[in-house]
Amino acid sequence: MVPLWMYLVVSAAVFCIGVYGVLARRNAVAILMSVELMLNAVNINLLAFWRYVAPQNMAGQAFAAFVFVVAAAEAAVGLAIVIAVYRNRRSVIVEDVNLLRG
Amino acid sequence: MEPFDLLQSLPAIAPIIGLTITAIVVLALDLALPESQRRNIALVTAASLFATAAIMLAFWMPNADTEGLYWGGMIRYDILTWVFSVTVIIGAAITALLTIDVVGLNRRGEFYLVLVVSTLGACLITGAADLIMVFLGLETVTIPLYVLAAFRRDDKRSSESGMKYFLFGSFASAILLYGLSLMYGFTGHTNLYAIAEYMQTDAFQVNLIPVLIAIALIVVGFAFKISAAPFHFWTPDVYEGAPTPVTAFLSVASKAASFALLIRFALTAFPPSLAINGAEVQLFWTNLAAALAVISLIIGNILALAQKNIKRLLAYSSIAQAGYTLIGVASLAGDGRETAVAGIAYYMLMYTFTNLLAFGAVIVFSNATGKEDIKDFAGLSHRSPWLALGMTIGLLSLAGVPPAAGFFGKYFLFQAAVQSGLTWLALFGILMSIVALYYYLVIIKVMYVDKSEDADKPITISPVYGWTLGVVSLAIVLLGSFAVQPVFNWVLQGAQMLFANL
């Protein structure tokens, strides 16, 4: 069987790619996608821990299901906001959206 | 586990039931009322929220017999939950009243709906005792706030502020969540109290380093939510761009709820008695909180000096206020821990009133003039003496000048820091409040001394705003004088109940 640490390494790698994406990408939709990657890393973690550490109760699985639900809600709201910004300025590049500063 | 008893479990979610009913009523009113009467939805929302808070305090006060974990360990029912829930609900009610004449928001039933749902999330996290509930509650607070910040979707600034809040907020949530998933992994439990119990046993054999990484991730996530430096980048932009009532709400509600959660999380999952491989874990997070407090105080207070827009100034001031409150968090482990919990609760209560008063005055002013710069406030004492007085009370309370409530708020936090042996932190906080006094006094000087060309154009305050701001000002002065003793005793009782269970 695949040992637990391998799952954790994959999860940590996916999480780091997500963090890098959020910090390095300039497109709001790409940042949103990177956040989704981070959430998926969390789900890998939760399910791996559930299977290896506490398979007797379902808390880990339930937690992962809630993470899906919230991620979907967050993406829905986020994309709606990105569309609103796009309608106002014809751009979703974060650096172009810079009225507020000082 | 005890058998499920519905009637006993209901009080634990009383505020949530009240808020759900309010949300449904608001939605139905939005459909039923014609456009000309929709302004009244604000009054209905505020009345239902005040009623919810009153019923909670009158009938469903937790006591030593009834406090405990309910709903399968998801929610903790105790006085501390009640203090923070009431704070947030009253904050939301005042926000609804302050929205009543704001064009573009006041006749939109969905605005009040989203406001109430966000409050509901805040009530959930004040009592959250399970990792799943912590995450779900935090998202129930923040996702509606993204919507509220971008509520004027045709306005470039509002949609920009919503986007920035969304990007930073969802990033912070993901970081926090990764920390929570590690916590679950170490222990195999999602309940905070079960986690704490498990970590004290010999079965818990995890190295110190991964635990510290998990704590650091969680603290970073919380620091974003309470806008503590160096995780504050979003704060000024979001505060400036969002519609002012939304700024007022998000500066108090999400902050108060996040601090409630932070206290419970830190004290429950990583209590002072916890030691891993002989190292005391609590030292790690109290030092982290002290560092965040120092950075927030410096950045918030110094950058506020240079601001020209009043909402940006209040944004930096709110970063500084998070710094003061973090002094309380840093004192949670020492001898002053009960004072610290009570001090944080009192600070958040008085901060809710104070910030809503300051933002309320800004709302009235910009409704009348359409301007938000500090220099536009010149001559306000002639144009509307009462508005200038209300703003002055708010600013003095933020600065911590007696008899306004801010003085006792800071006093209790500094007292807790001294009792916990963090005298240097208390001294630093006092030093920084002197810096802060300067930029608050500058606004008061502009209002009372500076002349403006519009001095002969009086600003009228509508009755709803007059009553709201008047009552809030009175509450601030009372909280700084006669009401200190009973209110502080109440929150101290909550703090003692919290520690009795550790």
Checking heavy atoms, do the side chain of [X], its backbone, both or neither come under 4.5 Å from chain A?
X      : result
B:F166 : side chain
B:T140 : neither
B:I175 : both
B:K308 : neither
B:F135 : side chain

- Could you tell me which of A:V53, A:V22, A:V69 has the largest number of non-hydrogen atom pairs under 4.5 Å with chain B? A:V22
- Query: So which of A:F66, A:F15, A:Y52 has the largest heavy-atom pair count under 4.5 angstrom toward chain B?
  - Reply: A:F15
- Query: Within residues 33-43 of chain A, which positions have a heavy-atom distance to chain B below 4.5 Å?
  - Reply: A:V35, A:M38, A:L39, A:A41, A:V42
Measuring from [X]:[atom1] to [Y]:[atom2], what's the distance to the nearest 0.5 Å?
X      : Y      : atom1 : atom2 : result
A:Y86  : B:M163 : OH    : CE    : 13.5 Å
B:S170 : A:L32  : OG    : CG    : 6.5 Å
A:L46  : B:L180 : CG    : CG    : 9.0 Å
A:R87  : B:K156 : CZ    : NZ    : 15.0 Å
A:I81  : B:R153 : CD1   : CZ    : 12.0 Å
A:F63  : B:L177 : CZ    : CG    : 5.0 Å

For [X], is it the side chain, the backbone, both or neither that has a heavy atom under 4.5 Å from a heavy atom of chain B?
X     : result
A:A12 : both
A:V70 : both
A:V67 : both

- Query: Considering residues, nucleotides and ligands other than A:R51, do more than 12 of their heavy atoms fall under 6.0 Å from its CZ?
  - Reply: no
- Item | More than 12 heavy atoms from other groups under 6.0 Å of CZ on A:R25 | no
- Item | Check: A:N45 side chain, B:Y178 main-chain N or O, donor-acceptor pair, under 3.5 Å | no
Considering only heavy atoms and a distance below 4.5 Å, find which of [options] pairs most often with chain A.
options                        : answer
B:A149, B:P236, B:S159, B:G188 : B:S159
B:D130, B:V147, B:L136         : B:L136
B:T142, B:L131, B:D155         : B:L131

- Task: Would you sort out whether B:F168 and A:I31 count as a side chain to side chain contact (heavy atoms under 4.5 Å, CB included), showing the intermediate values?
- Result: CA-CA 10 Å; B:F168 281 116; A:I31 296 179; over 6 Å; no
- For B:L167 and A:A28, work out which heavy atoms get closest and say how close. CD2-O, 4.1 Å
- Query: Quick one: side chain to side chain contact (heavy atoms under 4.5 Å, CB included) partners of A:W50, sequence neighbours excluded?
  - Reply: A:M58, A:Q61, B:Y184
- Start with the C-alpha distance between A:E74 and B:I143, add both sets of side-chain angles, then the distance that settles side chain to side chain contact (heavy atoms under 4.5 Å, CB included), and finish with yes or no. CA-CA 7 Å; A:E74 206 169 55; B:I143 292 179; 4.1 Å; yes
- For B:K375, what residues pass the salt bridge (Lys or Arg N to Asp or Glu O under 4.0 Å) criterion, not counting sequence neighbours? B:D373
- Task: Go through the structure and list residues passing side chain to side chain donor-acceptor pair (under 3.5 Å) with B:K225, not counting sequence neighbours.
- Result: B:S173
